[in-house]
Amino acid sequence: MSIATKTGDDGTTGLMYNRRVSKCHPRVEAYGAVDELNAALGSARALLPESALGGQLIAIQKNLVILMGELATAPEDLPRFIKDGFSVVTPELTVHLDAIVREIESQNVSFKHWATPGANPPAAALDVARTTCRRAERRVCALREAGQPANGEIIIFLNRLSDALWLMARRAEQTG
């Protein structure tokens, strides 16, 4: 089977379980923004291959795949999604981010001042990921405001992730 299925040539895309929606549907906008975030994190991780931050980023990326799967599933299909063995975003994923925040803050990385992105390539890439994360968070909020149910834990996770990414960028500035 080719990647070019041509099923999207009419401006629609398939959610999980093959429900067709417009490519500009709020659900597609939300999981698309998370996909962009995952790519931005991959770029940052490529600049930090042998670091602790790089290891944390791959774990976060794997959690974003869980998040995207949930967002790419229509609410009426979520019971089937779970029954089929797929994971959903839970508070435990956010607890992992809280631990990263505490760890970096324990290294005297300050959050008291505005930052100017670009001190070095890894920090700049992490700041791009952070701002992409904020966009993804806004898209999930817009999804909910459009009357589309979305797991509230997703917004909490993305909010905490942007905090963690800000700290990671400041840490990368210190370690060069």
Side-chain angles (χ1 to χ4, degrees), residues 1-48 54-98 100 117 124-166 168-169:
M1 179 176 188
S2 172
I3 188 76
T5 63
K6 302 178 185 174
T7 57
D9 290 353
D10 64 354
T12 65
T13 192
L15 299 177
M16 289 287 290
Y17 305 108
N18 210 26
R19 281 188 198 273
R20 303 297 298 176
V21 296
S22 168
K23 289 185 178 184
C24 62
H25 187 282
R27 186 163 297 285
V28 178
E29 288 286 341
Y31 73 72
V34 175
D35 193 23
E36 292 173 27
L37 168 59
N38 205 2
L41 288 174
S43 294
R45 186 171 52 85
L47 296 169
L48 297 160
Q56 291 169 333
L57 292 176
I58 189 68
I60 291 167
Q61 286 183 277
K62 289 177 181 181
N63 287 339
L64 288 176
V65 171
I66 293 170
L67 196 152
M68 283 188 287
E70 184 175 349
L71 284 174
T73 304
E76 55 270 28
D77 291 326
L78 272 175
R80 180 179 174 192
F81 181 79
I82 294 166
K83 183 180 177 206
D84 286 348
F86 293 104
S87 298
V88 295
V89 177
T90 62
E92 289 74 28
L93 298 184
T94 304
V95 166
H96 174 72
L97 295 174
D98 287 331
I100 291 171
L126 287 163
D127 276 318
V128 169
R130 174 185 53 80
T131 59
T132 304
C133 185
R134 286 290 188 205
R135 180 174 57 240
E137 183 182 6
R138 291 190 304 271
R139 295 295 180 264
V140 175
C141 288
L143 175 68
R144 289 180 68 181
E145 287 184 13
Q148 293 285 315
N151 176 354
E153 193 61 37
I154 292 172
I155 294 170
I156 295 167
F157 177 86
L158 291 172
N159 185 51
R160 200 75 78 256
L161 178 55
S162 64
D163 295 339
L165 291 171
W166 192 92
M168 287 177 168

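Side chains included, hydrogens not; waters and symmetry mates left out as well; all remaining heavy atoms used.
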Taking C-beta and beyond as the side chain, do L93 and T90 meet within less than 4.5 Å on heavy atoms?
yes
T73 vs V88 side-chain heavy atoms within contact, under 4.5 Å
no
Can a salt bridge be assigned to the pair D77 and K83 using a cut-off of 4.0 Å between side-chain N and carboxylate O?
no
Quick check for you: to the nearest 0.5 Å, what is the distance between L67 atom CG and S87 atom OG?
11.5 Å
K23 side chain to V28 main-chain N or O, any donor-acceptor pair under 3.5 Å?
no
Distance, nearest 0.5 Å, that separates CZ of R130 from CZ of R135:
12.5 Å
Taking every non-hydrogen atom, the tightest pair across S162 and C133
N-SG, 3.7 Å
Side-chain touch I100/M168, heavy atoms, less than 4.5 angstrom:
yes
Yes or no on side chain to side chain contact (heavy atoms under 4.5 Å, CB included) for R45 and I58, after CA distance, side-chain angles and deciding distance?
CA-CA 7 Å; R45 186 171 52 85; I58 189 68; 3.6 Å; yes
Specify whether F81 and F86 have parallel, tilted or perpendicular ring planes, treating 30° as the upper limit for parallel and 60° as the lower limit for perpendicular.
parallel
In sequence, state the C-alpha distance, the side-chain angles, and the governing distance for Q148 and H25, and then conclude on side chain to side chain contact (heavy atoms under 4.5 Å, CB included).
CA-CA 10 Å; Q148 293 285 315; H25 187 282; 3.9 Å; yes
Which atom pair, heavy atoms only, marks the closest approach of A129 to A40?
CA-CB, 3.8 Å
Check for a donor-acceptor pair, side chain of E29 on one end and backbone N or O of R139 on the other, with a separation under 3.5 Å.
no
Kindly compute the distance separating CZ (R160) from CD (E137), expressed to the nearest 0.5 Å.
10.0 Å
For G152 and R144 the tightest heavy-atom approach is CA-NH1, 3.5 Å
Shortest non-hydrogen contact from A136 toward A33
CA-CB, 3.6 Å
Using the rule side-chain contact (heavy atoms from CB on, under 4.5 Å), only one of T132, L57, V128 pairs with L41; which is it?
L57
Can you check whether M16 reaches R80 side chain to side chain, under 4.5 Å on heavy atoms?
no
Considering non-hydrogen atoms only, spot the tightest contact between L15 and A72 and give its length.
CB-O, 3.2 Å
In a check of side-chain contact (heavy atoms from CB on, under 4.5 Å) between F157 and each of N159, I154, L161, which one passes?
L161
To the nearest 0.5 Å, what is the distance between CD1 on I60 and CG on L165?
6.0 Å
Between E70 and V89, is there a donor-acceptor pair closer than 3.5 Å when you use the side chain of the first and the backbone of the second?
yes
Side chains of E76 and R19 in contact at under 4.5 Å (non-hydrogen atoms):
yes
Measure the shortest side-chain to side-chain distance between L158 and V140 over non-hydrogen atoms and say whether it is less than 4.5 angstrom.
yes
In plain terms, say whether D9 and K6 are close enough for a salt bridge, that is, a side-chain N and a carboxylate O under 4.0 Å apart.
no
Nearest 0.5 Å please: distance from the CG atom of L71 over to the CG atom of L143.
7.0 Å
Any side-chain donor paired with an acceptor under 3.5 Å for E153 and T94?
yes
What one should report as the nearest heavy-atom pair of R27 and P149 is NH2-O, 2.9 Å
Just verifying a value: how many Å separate L78 CG and Y17 OH, rounded to the nearest 0.5 Å?
9.0 Å
